[in-house]
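Following: one structure in structure tokens, then a few remarks.
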Amino acid sequence: MKNDFAPEPYRIKMVEPLRRTTREERLVLLKEAGYNIFGLKSEDVYIDMLTDSGTGAMSDRQWSALMQGDEAYAGSRSFYKLETVVKEITGYEHFLPAHQGRGAEQVALPYFVKKKGMYFISNMHFDTTRAHVELAGGRAVDCVDEVCFDTERYHPFKGNFDLERLETLILEHGKENIAGIIVTLTNNSAGGQPVSLENQRGVREICDRYDLPYIIDGARYAENAYFIKMREEGYAEKELSAIAKEQFALGDLFLMSAKKDGLVNIGGLIAIKDDEDLFRYCRTRLVPLEGFPTYGGMSGRDMEALAVGLKEGLDFEYQRHRTDQARYLGESLRAAGVPIQYPPGGHAVFVDCKRIAPHIPYDRFPAQAVVNALYVEAAVRGVEIGSFLLGRDPDTGENLESPMEFMRLTIPRRTYTYAHLDHVAEGVKKVHENRDALRGYTFEYEPPVLRHFTARLRPL
Ligand code: P61
């Protein structure tokens, strides 16, 4: 049946039983959670597609590496092992560990904000990156190629920058007011969409022209490398590790949530190409914020598992199966007429809820309505990536309108089978059939930063 899709390049050595709930139970559980799926207990979820962040399965090699963890506070052997791997993969001179991606962001991003109100320009900032830009006194501007807003239209690199606009933005604001350019690989918010190497090189040229730092937000840099191999001319014969190196060669700083392509449950990386001053700044800030520079918020065993996981994330067969899972789910939804960001990205299928629930305005959160309906229907937990997540304008306090309203069905690594994905697809199809009954939401409680995590909602 699934002939066109890569079979699992692993066998299952350990299982975790899942609990089933009834629709009546889920109606009560969702109400108790304030109609916010972040408030659900994971044991009340059958298939958890909230995130691929730290939710995957480690390999037997990673589990055995845990035993070698050196828990020394200073100079841990595990740190040096991880450092060797990070330097080998990136080709960079300096490395610091962090507890996860946002820890790395918090340590490094303020370095670039020399005065309040400076701009970071990204293809698209993911929400924690945007939050740390703003906490550092900067402003976040997105500059993605508009093709990504046309969810129906196939384009191999829907994560690309609009290079012309990037240059215009720099000239408009003045290069002295630009803190840096953040290249998000893959472009999470647009649908896990890749950025071509040609486009990355274009960004580098612009950074050189205006003397701006090039920062890689590379949580899924290996998935991005896979798409380059499969879709960009001239890369079909190259190893993923060689493509990754080409990506890194363009950057000055690499920040990574290692919970993604590092194949671990916790961890983050800061790698710096050669800027000594930036390295000293980060090392100094790391100590009060994350921990001593040879652990930075990770235990020795976490660093061991990550040193192995980073290599596994660059394995071609692993990536082929991973991205095929997203393709499989995406194609089965499309075949049933469910609108999605096409083609599906690396880590998730993004369901286009603007087109499913056009009767719900953006500030009543159409994608949240779909997410909640899917939980009730099938005990599947997706996540809203739209206006609910985007938040408010820091100046006016108005709800920002996201250009896209998505339900993200995120696929944890090495965790679910194609049969699980069939169950997810059936649930989404039912919600889609009954879409006219969907209703929007309003706030009962709204926190000031990253509101979607802890907000409570009320159905209208
Ligand atoms: C995710 F519901 N992503 O996609 P940390 N950069 C990028 C990310 O994708 C990212 C981070 C930095 C998550 C976790 C998440 O509202 C949410 O290790 C491109 O999570 O700190 C994280 O890395 C930050 C889920 C984040 C959410 C925010 O699921």
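Just so you know, ligand 1 is whichever comes first in the structure, and atom 1 is the first atom listed for that ligand. Note that this is a predicted model, so its numbers are computed, not measured.
Of all protein heavy atoms, the one closest to atom 8 (C) of ligand 1 is F126 CD2, 3.6 Å. The nearest protein atom to atom 5 (P) of ligand 1, hydrogens excluded, is given as Q100 NE2, 3.2 Å; this is a heavy-atom distance. Among all non-hydrogen protein atoms, the one lying nearest atom 18 (O) of ligand 1 is S257 OG, 2.6 Å. Counting only heavy atoms of the protein, atom 7 (C) of ligand 1 lies nearest to D217 OD2, 3.6 Å. For atom 2 (F) of ligand 1, the closest non-hydrogen atom of the protein is F38 CZ, 3.2 Å. Here the heavy atom of the protein found nearest to atom 3 (N) of ligand 1 is K260 NZ, 2.9 Å.
If you look at F79 and F95, their ring centroids are closer than 6.0 Å. The distance between the ring centers of H452 and F38 falls below 6.0 angstrom.
In summary, the atoms of ligand 1 found under 4.0 Å from a heavy atom of K259, numbered by their order in the structure, are 18 (O). Residue-ligand proximity, T51 to ligand 1, at heavy-atom distances under 4.0 Å covers atoms 1 (C), 29 (O). Listed by number with element, the atoms of ligand 1 under 4.0 angstrom from any heavy atom of T184 are 19 (C). When each atom of ligand 1 is checked for a heavy atom of F453 under 4.0 Å away, the hits are 2 (F), 16 (O), 17 (C), 27 (C), 28 (C). Per-residue contacts place H452 under 4.0 angstrom from the following atoms of ligand 1 (heavy atoms of the residue considered): 16 (O), 17 (C).
The N/O atoms of T186, backbone and side chain alike, include none that comes under 3.5 Å of an N/O atom in ligand 1. Residue-to-ligand polar distances keep D52 apart from ligand 1: every N/O pair is separated by 3.5 Å or more.
A cation-pi arrangement is present between K114 and Y111 under the rule of less than 6.0 angstrom and at most 45 degrees off the ring axis.
Ranked by closest heavy atom to atom 24 (C) of ligand 1, the top entry among L185, L255, T128 is T128. One option in R408, R102, H347 has a heavy atom closer to atom 1 (C) of ligand 1 than any other, and that option is R408.
Heavy atoms of L389 found under 4.0 angstrom from ligand 1 belong exclusively to the side chain.
Here R355 pairs with E152 in a salt bridge; the nearest charged N to carboxylate O distance falls below 4.0 Å.
The side-chain hydrogen bond (donor to acceptor under 3.5 Å, both in side chains) test with S53 is passed by exactly one of Q100, H347, K260: K260.
A heavy-atom distance below 4.5 Å is not found between the side chains of R458 and F443. For the pair F161/I181, a side-chain contact is recorded, criterion being any heavy-atom separation below 4.5 Å from C-beta on.
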